**Q** 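Take this structure, written in structure tokens, and hold onto it; I'll ask about it next.
Just so we're on the same page: letters track the sequence lines, and every chain starts at 1. Fair warning: this is a prediction, and the values are worked out from it, not measured in the lab.
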Number of protein chains: 2
Amino acid sequence: MPRPRVNLLSVELIADAAIELADSGEQFGVNALARRLGVTPSSLYNHVDGKDAIIELMRGRLSRRYLPAAVTGDWETVITGTVRALRRLYAEHPLIVPLIVGKTITDPGVIAQYDHLATALVDAGVPDGEVLAIVAIVDAYAIGFGLDLASPAEVWQPDTPTTTLGRLITDAARGAERSDAAFEIGLEMLVASLRVRRDGLRAR
Amino acid sequence: MPRPRVNLLSVELIADAAIELADSGEQFGVNALARRLGVTPSSLYNHVDGKDAIIELMRGRLSRRYLPAAVTGDWETVITGTVRALRRLYAEHPLIVPLIVGKTITDPGVIAQYDHLATALVDAGVPDGEVLAIVAIVDAYAIGFGLDLASPAEVWQPDTPTTTLGRLITDAARGAERSDAAFEIGLEMLVASLRVRRDGLRAR
DNA sequence: ACCTGAACACCGTTCAAGT
DNA sequence: ACCTGAACACCGTTCAAGT
């Protein structure tokens with residue numbers, strides 16, 4: 001008996017269930033997602049354009065959730081605000097990183113957020129040719145720290161004895177607050193470096 | 001007629017073909033890999049433990065190729081040497097990034113290289129609790145810049161008008177040398193920041 | 001318009017059978 | 001020891017059929 005009186009699915013329901021599925025650690029896929037929604041895989045295609053579109057939807061949904069209003073203020077505020085938000089996103093949803101990495105960003109909301117950041121950098125006097133690189137750094141910085149916060153023990157798994165790494169991995173097991181501190185220090189360093197770099201250009 | 005006089009496959013042949021396959025942009029998988037090697041998919045399982053093991057093999061092979069001998073010298077030399085090598089790796093093989101990201105590192109050679117870097121940082125006076133974070137940053141920095149160098153136009157694809165991003169993307173099309181310059185500047189900034197951070201600790 | 005169920009091409013992996 | 005070919009469970013996607 002298909003087609004109940006009220007719709008079982010919507011784009012939002014699909015996106016949220018997809019995020020839950022990825023976070024659960026279960027193998028991500030259309031079939032598992034349909035199962036979780038109590039629905040046939042083919043039903044999803046009435047609302048959404050397939051697996052890749054669902055992943056792009058997840059990116060958009062999480063971005064809107066973690067970077068809610070456009071961060072306003074000077075470029076330093078925009079950068080630190082964006083990086084902190086991104087890092088929280090990646091730290092709380094580390095398992096979506098492998099899904100979205102390397103996939104072209106098309107979601108208009110996400111594009112707008114990167115555009116906002118790029119504009120702030122240009123306004124701050126960063127030369128055009130370096131803006132995208134800095135945006136890439138900022139993003140990579142957030143990803144790197146997010147993954148570090150989430151799962152240091154799942155990143156490296158040494159079978160052979162190590163001089164330093166093995167000890168640090170076991171020590172890091174309960175080091176979330178320390179990772180927080182390191183992140184803030186690193187972010188401060190990053191901004192300071194950009195400030196120096198920009199002032200150096202100004203002085204020419 | 002199975003089993004020719006001389007072996008068709010070896011771990012090295014499989015790893016190299018896998019890297020070529022990923023670089024080609026063709027969908028990566030066991031079947032495509034076997035096709036490329038002129039062999040049945042099931043043949044691969046005589047030499048290798050399945051898809052994930054092949055991917056880990058690719059990581060190991062590329063790491064050995066780009067970081068050949070252990071970088072020696074003071075910690076600054078170790079860091080800059082490692083980051084430059086990693087960035088070249090990611091820039092010349094951007095399509096393997098989505099394959100290896102988020103997958104646990106087990107290859108002994110790769111573990112040894114990260115261990116080497118971690119040891120250099122500890123010897124330099126970086127507190128234990130921050131070493132893994134810095135290693136994560138360094139890695140993320142290399143990935144971010146590698147991806148930026150390889151495919152700025154494939155990272156963002158705005159459908160809606162943007163104030164800054166769209167212009168930068170088209171401008172960046174032929175900006176590989178400029179990206180090189182930005183990378184070196186950023187690396188210099190990174191090392192300088194670490195130096196300040198370490199000296200600050202020393203002074204306490 | 002929305003959901004099902006059957007069907008399709010393809011995927012990674014196992015394993016008996018050959019040399 | 002190494003490769004094939006058949007088989008398996010599963011994947012993403014399409015589409016006619018139902019309401």
**Q** Hydrogens and angles aside, do B/Thr163 and A/Asp115 bring a side-chain donor and acceptor to less than 3.5 Å of each other?
**A** yes

**Q** OP1, OP2 of C/dT13 versus side-chain N and O of B/Ser42: anything below 4.0 Å?
**A**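 No.
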
**Q** Only pairs with both distances under 3.5 Å count, Watson-Crick or wobble alike; so what is the partner of C/dG5 in this structure?
**A**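 Paired with D/dC15.
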
**Q** Taking B/Asn46 for the side chain and B/Ser43 for the main chain, is one N or O donor matched with an acceptor at less than 3.5 Å?
**A**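 Yes, because the side chain of B/Asn46 sits within donor-acceptor range (under 3.5 Å) of the backbone of B/Ser43.
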
**Q** Using atom CG of A/Leu8 as one end and atom C1' of C/dT4 as the other, report the distance to the nearest whole Å.
**A** 11 Å

**Q** Starting at CG of A/Leu44 and ending at P of C/dA1, how long is that distance when rounded to a whole Å?
**A**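 To the nearest whole Å, that distance equals 19 Å.
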
**Q** How close or far is atom P of C/dG12 from atom CD of B/Gln27, stated in whole angstroms?
**A**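 To the nearest whole Å, that distance equals 8 Å.
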
**Q** Please state whether the phosphate of D/dA1, meaning OP1 or OP2, lies under 4.0 angstrom from any side-chain nitrogen or oxygen of B/His47.
**A**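 B/His47 to D/dA1 OP1/OP2: no side-chain N or O under 4.0 Å.
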
**Q** Just by modelled atom types, is the B/Gly166 backbone N or O under 3.5 Å from a matching donor or acceptor in the B/Thr170 side chain?
**A**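 Flag set: sc B/Thr170 to bb B/Gly166 pair under 3.5 Å.
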
**Q** Rounded to the Å, how far apart are B/Lys51 NZ and C/dC11 P?
**A**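 Answer to the nearest Å: 10 Å.
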
**Q** Figure out the CG/P separation between A/Leu37 and C/dC2, and round it to whole Å.
**A**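 Atom-to-atom, A/Leu37 to C/dC2, this comes out as 15 Å.
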
**Q** Please lay out, stage by stage, how B/Tyr45 and B/Thr40 fare under the test side-chain contact (heavy atoms from CB on, under 4.5 Å).
**A** CA-CA 10 Å; B/Tyr45 289 78; B/Thr40 298; over 6 Å; no

**Q** Within less than 4.0 Å of OP1 or OP2 of C/dC11, is there a side-chain N or O belonging to B/Asn31?
**A** yes

**Q** At less than 4.0 Å, is any side-chain N or O atom of B/Asn46 found next to OP1 or OP2 of D/dA1? Yes or no.
**A**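 No, B/Asn46 has no side-chain N/O under 4.0 Å of OP1/OP2 on D/dA1.
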
**Q** Given atom CG of A/Leu99 and atom C1' of D/dG12, what is their separation to the nearest angstrom?
**A** 15 Å

**Q** Write down the distance between CD (A/Glu26) and P (D/dC10), rounded to a whole number of angstrom.
**A**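 The distance from CD of A/Glu26 to P of D/dC10 comes to 13 Å, rounded to the nearest Å.
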
**Q** Of the candidate nucleotides D/dG12, C/dC3, C/dG12, which contains the atom at the shortest distance from the side chain of A/Leu9?
**A**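 So the nucleotide nearest the side chain must be C/dC3.
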
**Q** Are A/Thr40 and C/dT4 close enough that a side-chain N or O sits under 4.0 Å from OP1 or OP2?
**A**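 Indeed, a polar side-chain atom of A/Thr40 lies that close.
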
**Q** Do B/Glu26 and B/Arg35 come within less than 4.5 Å of each other through their side chains, counting heavy atoms only?
**A**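 The answer is yes; the side chains approach within 4.5 Å.
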
**Q** Does a side-chain N or O of A/Asn7 approach OP1 or OP2 of C/dA1 to a distance below 4.0 Å, or not?
**A** no

**Q** 5'-most contact on DNA chain D: A/Ala32 or A/Ser43, nearest heavy atom basis?
**A**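 Looking at the nearest nucleotide for each, A/Ala32 comes out on the 5' side.
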
**Q** Rounding to a whole Å, what distance do you find between B/Phe28:CZ and C/dC11:C1'?
**A**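 The answer, rounded to whole Å, is 13 Å.
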
